[in-house]
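Have a look at this one before I ask anything.
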There are 2 protein chains.
Amino acid sequence: MRSSELPQVKALGLFETMSEQSFERLMQAAYLQTFPAHLTLIHEGDTADFLYVLVEGAVELYAAANGREETMAVVRPVETFILAAVLKDAVYLMAARTIARSRILLVSAADVRLAFEEDAAFARAIVSELATRYRGVVKEHKNIKLRSSVERLANRLIRYEAEQGGHGVLELPYEKRILASLLGMTPENLSRAFRTLKPYGVSVNGSSVVLNDLKALAVIAKPNLLIDG
Amino acid sequence: MRSSELPQVKALGLFETMSEQSFERLMQAAYLQTFPAHLTLIHEGDTADFLYVLVEGAVELYAAANGREETMAVVRPVETFILAAVLKDAVYLMAARTIARSRILLVSAADVRLAFEEDAAFARAIVSELATRYRGVVKEHKNIKLRSSVERLANRLIRYEAEQGGHGVLELPYEKRILASLLGMTPENLSRAFRTLKPYGVSVNGSSVVLNDLKALAVIAKPNLLIDG
DNA sequence: CGACTCTTTGAACTACCTCAAATGTGGTGG
DNA sequence: CCACCACATTTGAGGTAGTTCAAAGAGTCG
């Protein structure tokens, strides 16, 4: 693999504390590859042969059943995905496809499990990462079970605005179609939810959103650190 | 703590492989306590001071927001709960209360983190447990996003029947009110969902359920190993 | 420019919820 | 052991959030 991205990967929470030696061994059999947009990387039910690290781009994790298909999460750089399946040597519960052209590091799953055995710092980092991910899914599950779709959208907008600098403006990081599915609604309903939020200072123009009245928006969103934090 | 339950705890996947020495140290500062039914053990947002091990009884994990309250999971013996919060030294994302009179082992969270550092086998077990839990929440999330309430009930009945011996009969392990919330619906809607399943061989009498036509039930349930497995 | 796909809008439908009341059930104290 | 009470469950009626289907704009990319 090209070595120019290595420092970026090593800086990842998961690899940061592990020994240089273990890291090098792990990277020796790793591929850094560029994939075009809309390419399916993994299918539900496949065995987990690789741990994926998204270096650049965006990846959608989705699941299908009963003829329906829903976005479960969107991975942004630099982040790993499907760690749990790799550690359990189990099949993937979610499928993954690129949303945009993406640079992805593929690390051998067997090597990850080996490094876990041999490097205590790596083991700690894995636990930390896994626990964080676990809490992330729990929050998402609370989000779905405890909130209406308009509330979910309002809180998501508040989150994006904060992540993007807190200047009252934000760019939707991917298509509304995907955002809708991620928030557990149809595209049509997302469109209507945006209109519902207009009286609360939300104006939308394509993928650009302006929040003119954060206070009013917070009243309807009722943000909650134990869901959004 | 009483020592008669110790073997039962040691046999837990999480503690099974750890050294006797580490285990004994962990248990030295642990309490085994009996709690009456309907007692709140932990509140959302509390700091995680203990890892809980349910030895006997039943515990409901729930979450509240917007004046609503929903059951997130039900813990059955012998199982741990809120492991992720303990490992991250973070606040609990879910509250917990006993459903029935319960015997619960409380292990110091700091001791768990210490044992994790010192005992590699324990570290492995924790990762395995955490990864399994992670996959459990993902499955539950798929369940909610991809299925209707009747489908969720049908699959849940199929699961209980299998767990309880596969003889075509099952006992609902807790109140319908809680089952309803766990499945993401109101008690009224659960009652109607049971009636919807009657033509598929489901007859209910209090907490006793008979499945007279598993084949027909499976047709409507469309069970899926990547959700129910 | 033309052919996509995405997004929005409208209209009709449906799954699920809310409210209210009747009925059933388990636990408690006399 | 029984009567009572509180609460769980069921049933009915009506409402609402969200879906589906259809079709018209609006970007986007070759």
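Note that the structure is predicted; figures quoted are calculated from it, not measured. Order of the sequence lines sets the chain letters (A, B, ...), proteins ahead of strands, with each chain counted from 1.
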Answer with yes or no after comparing the ring centroid distance for Tyr52(B) and Phe81(B) against a 6.0 Å cut-off, counting only values under it.
yes
Heavy-atom side-chain proximity of Leu182(A) to Tyr174(A) below 4.5 angstrom
yes
For the pair made of NE2 in His38(A) and C1' in dT5(C), what is the distance, rounded to whole Å?
10 Å
Any side-chain N or O of Thr186(B) below 4.0 angstrom from OP1/OP2 of dC17(C)?
yes
Round to the nearest Å and state the distance from Leu183(B) atom CG to dC17(C) atom C1'.
16 Å
On the side chain of Glu188(A), is there an atom forming a donor-acceptor pair with the base of dC6(C) - under 3.5 Å, no angle test?
no
Please report the distance, rounded to the nearest Å, between CE in Met185(B) and C1' in dT10(D).
15 Å
Side chains of Ser208(A) and Glu171(A): is there a donor and an acceptor less than 3.5 Å apart?
yes
Separation of dC6(C) atom C1' from Ile99(A) atom CD1, nearest Å, is 14 Å
Roughly, in whole Å, what's the span from CZ in Arg147(B) to P in dC16(C)?
14 Å
Using whole Å, what does the distance between atom C1' of nucleotide dA6(D) and atom CD of Glu175(B) come to?
12 Å
Between Lys198(B) and Ser203(B), is there a side-chain donor-acceptor contact under 3.5 Å, judged purely by atom types and distance?
no
Let me know the distance between CD1 of Ile144(A) and P of dG18(D), rounded to the nearest Å.
10 Å
Which residues, if any, of residues 189-198 of chain B bring a heavy atom under 4.0 Å of DNA chain C?
Asn189(B), Arg192(B)
Spacing of Asn205(B) atom CG relative to dT23(C) atom P, expressed in whole Å:
18 Å
Consider only side-chain N and O atoms of Ser191(A) and Lys176(A), and report whether a donor and an acceptor are under 3.5 Å apart.
no
Name the one of Ile82(A), Leu61(A), Asp46(A), Thr98(A) that satisfies side-chain contact (heavy atoms from CB on, under 4.5 Å) with Leu41(A)?
Thr98(A)
Using heavy-atom distances to pick each residue's nearest nucleotide on DNA chain D, tell me which of Arg152(A) and Lys176(B) is more 5'.
Lys176(B)
With the side chain defined as heavy atoms from C-beta on, Ser149(B) is closest, among dC16(C), dA8(D), dC6(C), to dC16(C)
Let me know, please, whether Val204(B) or Gly184(A) comes out on the 5' side of the other along DNA chain D by nearest nucleotide.
Val204(B)
Side-chain donor-acceptor pair under 3.5 Å between Thr80(B) and Arg133(B), yes or no?
yes
